[in-house]
Amino acid sequence: MSVSRPSPDSAETPVRVELRPGSGGVSVLAVSGRLDVSTAAEARDVALEHLAGFRGAALEVDASGIERGDVSGLSLLYELAGGRLAPGVRARITGLRPELAHLLAAFPTEEAFAALEAAPPTRPFLEEIGAATRSMFLDVRAQAMFIGAVVQGFAAALRRPRLMRWREVGVVFEKAGVNALPIVSLISLLMGLVIAFEAAQPLEMFGAQIFIADMIGLVMVREFSPIFTAIILAGRSGAAFAAEIGTMKVNEELDALETMGLDPVRFLVIQRIFAATLLMPVLTAYSMLVGVFGGVLVMLTMGFPLAQIWAQLHGALGVHDVLVGAASRSCSGRSSRDSGACAACRRRKGPTPWVIRRPGPSSPGFS
Amino acid sequence: MSATSGVSSAPAVIAVENVTIAYGDNVVQKDVSFEVRRGEVFVILGGSGCGKSSLLKNMIGLYRPVTGRILFDGEDIVTAEGEDRLRLLRKFGVMYQSGALFGSMNVLENVRLPLDEFTDLGAEEKDLVAAAKLNQVGLLPAAARKPSALSGGMQKRAGIARAMALDPGILFLDEPSAGLDPINSAGLDQTIRELSRGLGITFVVVTHELQSIYAIADRCIMLDARTKTMIAEGKPAELRDHATDPYVRQFFLRQAEPAADDGSKGSRTS
């Protein structure tokens, strides 16, 4: 009874597993050839086929024919010796070469392996809910402390504007603002184009296509531009701030600031929040312009003269609308970025930097 | 440390031929050539900034040298692509300076990852093999821990276990002793020796820890940041006792740089 399967990597020296009767009622499972990571799974399958109906009293594994082997391959012998493959029958391994015996000795004892397999106790459902709730409240507290620290930092910067590091404000303005122009342009232009294009057909039924100008103006200026600019700024720049300050935390740069007596909030966070708060209305205004431009483009292709579109827009929109749009969203945009910076600051250095540590009493949000 | 018997006559498994490493216009090392023999612990030495780690990263195929070939059993990793490159990458494992363990997985899962990706072993066998690897580096009791809960030495040992997961014939270790206390460092050296002698694994180790070099190295080469060349090759004890290059002597005798350079570099030893 012999089954041998060449493995893809070892066509020349396949692994062979044979079961034959031995003396004194002992069955002998002879393993030979190359028993390594590329043949281990095959060898195990064949051994399992042989041992499926095994009813013998004792099993011996003749390993003298194994020419090459590694730890993955020898896991088969370990399993046979431990009685894992033929239930209740622990095989005796014979003839294994010394260097391979050395590898086999690397396997842990059954007790050690059993201890390893013990799964960590899972928390009961109620305890999970309790822990999650507690964690949520702790996060709220950390956020509140962080906002407090930011307000304190702003107050200090107002008293002594030299502390503000204006160059950094400029850098952030460029990174989060100027560099965000392409994506803001793309999204706003598409919004304007799509809204105007989709509105054209239903409005045509009422002969009211000229009111596309009113609609695009109101929708972009009052609602969509502020919302989407806020989302872009919070997503793009907030994530960038979090990554930047998180990396600084891992590199112990924040620790260095603290030991130099510099408050990381004042040194790093204030500039970003200040720059982003200024940026929000500017970017929103830009988005409004591009969005309306997209709508105007569609109307021009429909044959409306620019002067008429302009007059319609002028009638529909007032300065009031622009101010409402720009102001209402700057707050939401800012708070999103605050939380990005806050989460980054609480990240922990070390091999798993993304574990959030609880804030300590001395430095809110920077434990 | 005595050299593993038979190593001196063993065939070369890695041949580095006329390799020049540069980052843009900044040449780090010029025309480096040496061979690593099967079963030996081969150490790449040199002062800070001489290009040891760069050479290692070229050897493991992360960076491409400007010129030269790096052959594993005759196959060049510099030009290999696709399946050929994957096959070459399977010949060795790498332990990075900080262990580079994946923080989201526990230690056992880290070691099991290559087995999951590259073998068709069953789940139980993979656990068994990963446990055996951890046992080999003495880390089995910490199998269920996350890397963040390990000490620096344990992280490096776990890094070695992961590098060994697929039983490669060659292990590259980047600064195994850096940042470890003497006891942990000696423990790691012992692990390297045991793996080298017991399993016949070839080690290529980048380090500048003198004690570690004496403890593990069969042969070593030394790179120099000033001349940007390889300035010595041989057994560490021989280099220490017989080197004629003043920089090599200084390095092995742990002497500080002389206040004024007399300009004489002396003849290079090999």
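Residue numbers start from 1 in every chain, and the chains themselves are labelled A, B, ... in the order their sequence lines are given, proteins ahead of strands. None of the values given here were measured: they were computed from a predicted structure. Only heavy atoms go into these numbers, but all of them, side chains included; no hydrogens, no water, no symmetry mates.
- Smallest separation of non-hydrogen atoms from Ala132(B) and Val71(A): CB-CG1, 3.8 Å.
- Proximity to chain A is absent for every atom of Ser98(B), based on heavy atoms less than 4.5 angstrom apart.
- Atoms CD and NE2, from Gln136(B) and His102(A) in turn, are 7.5 Å apart once rounded to the nearest 0.5 Å.
- For the pair Glu125(B)/Leu76(A), no side-chain contact is recorded, criterion being any heavy-atom separation below 4.5 Å from C-beta on.
- A distance-only check finds no donor-acceptor pair linking the side chain of Asp167(B) to the backbone of Asp70(A) [under 3.5 Å].
- Contact of the Leu115(B) side chain with the Ser72(A) side chain is registered, since non-hydrogen atoms from C-beta on lie closer than 4.5 Å.
- Environment of CD in Glu99(A): crowded, with over 12 heavy atoms of neighbouring residues, nucleotides or ligands closer than 6.0 Å.
- Nearest approach of Ala106(A) to Asn135(B), heavy atoms of both residues: O-ND2, 2.8 Å.
- Of the two parts of Leu134(B), neither the backbone nor the side chain holds a non-hydrogen atom closer than 4.5 Å to a non-hydrogen atom of chain A.
- Here the closest heavy-atom approach between residue Leu121(B) and residue Ala41(A) is recorded as CD2-N, 4.0 Å.
- Ile183(B) CD1: 12 or fewer foreign heavy atoms inside a 6.0 Å radius.
- To the nearest 0.5 Å, atom CZ of residue Arg84(A) and atom CD of residue Glu124(B) are 5.0 Å apart.
- When the shell of 6.0 Å around CZ of Arg92(A) is examined, it contains 12 or fewer heavy atoms from other residues, nucleotides or ligands.
- Interatomic distance, Thr109(A) OG1 to Leu140(B) CG, rounded to the nearest 0.5 Å: 8.0 Å.
- Of the atoms belonging to Ala100(B), not a single heavy atom falls under 4.5 Å from chain A.
- Nearest heavy-atom pair, Leu128(B) versus Ser75(A), reported as atom, atom and distance to 0.1 Å: CD1-O, 4.5 Å.
- Within a 6.0 Å radius of NZ in Lys91(B), more than 12 heavy atoms belonging to other residues, nucleotides or ligands are found.
- When the shell of 6.0 Å around CD of Glu83(B) is examined, it contains 12 or fewer heavy atoms from other residues, nucleotides or ligands.
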